[in-house]
Structures are given as structure tokens and as C-alpha cells.
Amino acid sequence: MPLDHTSAFYEENAETYAKRVRSLPKQQLDAFLAGLAPGAAILELGCGGGQDSAYMLSQGFDVTPTDGSTELTRQAEALIGRPVRVMLFQELDADSAFDAVWAHASLLHVPRLELPNVFTRVRRALRPSGHLHASFKAGEAEGHDGFGRYYNYPSAEWLSELLTKGGWRNIAIGESDGSGYDGKPTRWLTVSAER
């Protein structure tokens, strides 16, 4: 399974990864939060070191942070001072429990064949008209980076079609240039959609 190397990377490098110098995606976070009612319930999928959850909590939102890595959840718990659930995306089993889902640079590790099911689970976890934010490294075919981590590397068209088939509404996909943990130039896709 392609996630074995990905999971191993995060388990073995959790402290370094969590404590790296990282710019908070503040512009995207603020835009996402601006569309929600004060105190809205947010599920974070793949919280990593917990920085995004910490920011959303500081803004008064009811945040449920999760990550697939046991070691990364420990790092996040140390930062935010509250429990973080160890959970793979494929294990999400909530029904109309959240106003929004924040999945920044996390769903990009889901194997392409499993992505429709994961999006279905995310959609089910949202309340009617609930908001989704997700970001992906753009590409045309799945593959691995220099650290051996798996990426699904979708195109904007491929993602848009997948979300439309899944029943999502008000889908918007933005594109921007940046980089990732590996420091390499990266084309990013930022998705917003509603249940």
C-alpha cells in the first residue's frame, strides 16, 4: 500500500516536521473562517503539528483536530493542550456533526482509488451547507516525493469532476505557486465546496 512509506515518514520525523518553520496559511484560514458562524464546529483532517487548529481555536471556534500519525498527534497535543484523535481519513464515521472541514495539505496523501469514498465520508460528516477546504499538489498522475511520501497529484479538472459526481455544491478550485516540506516549487490547488 502506498501509504506505508508516507505513514513511516510522519511517525519517524514527527518532531522535526511539527516544529519546522512554517508559515500559517493565514489568508486561506481567515477566508475559510469568515464563512462560518462564530463558534462553528470544525473538523481538521491531518492536523500535523497542530498550528492550524491552534489558530482556529484562538479565534473561538470549536475544533476537533485529527491526524493519522500517533507521533504527530502527540506533537499537536503538546502545542494546543487538548486531545487529538488518531484517525485515518478512511475511518471518518461522523454524520452531520460539523459545520466545516479543514483538510489543508492532507487529503493529497489519499490513494486516488480511495478518494471518492473519503470525500463521501467528509460530506456525510458535514451538516447541510457545511463547508470544505482542502488543498492538493497539482499534477496528472499519482506518485511519490523525494521522501517517499505518496501523493495523488490531481488536476483541477479531475478534482472538479470527482467532487461534482460526489454531490458537492459551489465548488471552487484556485491555483497558486508555492513550495512544500521538501522545499521544491509546487503548484497548489485549493478547493472549497459545500455539502
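The figures here come from the full heavy-atom set of this structure, side chains too, leaving out hydrogens, waters and symmetry mates. A quick note: this is a predicted structure, and the numbers were derived from the prediction, not measured.
Between R74 and E77 there is no salt bridge, since no side-chain nitrogen of the basic residue lies less than 4.0 Å from a carboxylate oxygen of the acidic one. In this structure, D99 pairs ionically with R127, as a charged nitrogen and a carboxylate oxygen lie closer than 4.0 Å.
Side-chain atoms of L108 and S135, non-hydrogen and from C-beta on, never get closer than 4.5 Å to each other. Contact of the Q51 side chain with the L79 side chain is registered, since non-hydrogen atoms from C-beta on lie closer than 4.5 Å. The closest side-chain heavy-atom distance from W102 to H131 is not below 4.5 Å. Residues V118 and L92 fail the side-chain proximity criterion, which asks for heavy atoms closer than 4.5 Å. In this structure the side chain of H133 never reaches within 4.5 angstrom of the side chain of V191, judged on heavy atoms. Between T186 and D177, every side-chain heavy-atom pair lies at or beyond the 4.5 Å cut-off.
When only modelled atom types and interatomic distance are considered, R112 and Y153 share no side-chain donor-acceptor pair under 3.5 Å. A donor atom on one side chain and an acceptor atom on the other are not found under 3.5 Å apart for S53 and R82. Side-chain contact of Y55 with D30: a donor-acceptor pair under 3.5 Å is present, judged by distance alone.
When atom types are taken as modelled, the side chain of D95 and the backbone of A125 share no donor-acceptor pair closer than 3.5 angstrom. A donor-acceptor contact shorter than 3.5 Å links the side chain of R169 to the backbone of R195.
S69 contributes atom OG, which lies 13.5 Å from atom CE of M87 (distance to the nearest 0.5 angstrom).
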Which is it for L45 and H104 under the side-chain contact (heavy atoms from CB on, under 4.5 Å) test, yes or no, and what are the steps along the way?
CA-CA 8 Å; L45 294 174; H104 193 74; over 6 Å; no

Apply side-chain contact (heavy atoms from CB on, under 4.5 Å) to I42 and V101, showing your working.
CA-CA 6 Å; I42 300 170; V101 170; over 6 Å; no

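Seen from the ring of Y151, K137 counts as a face-on cation partner, given the 6.0 Å and 45° thresholds.
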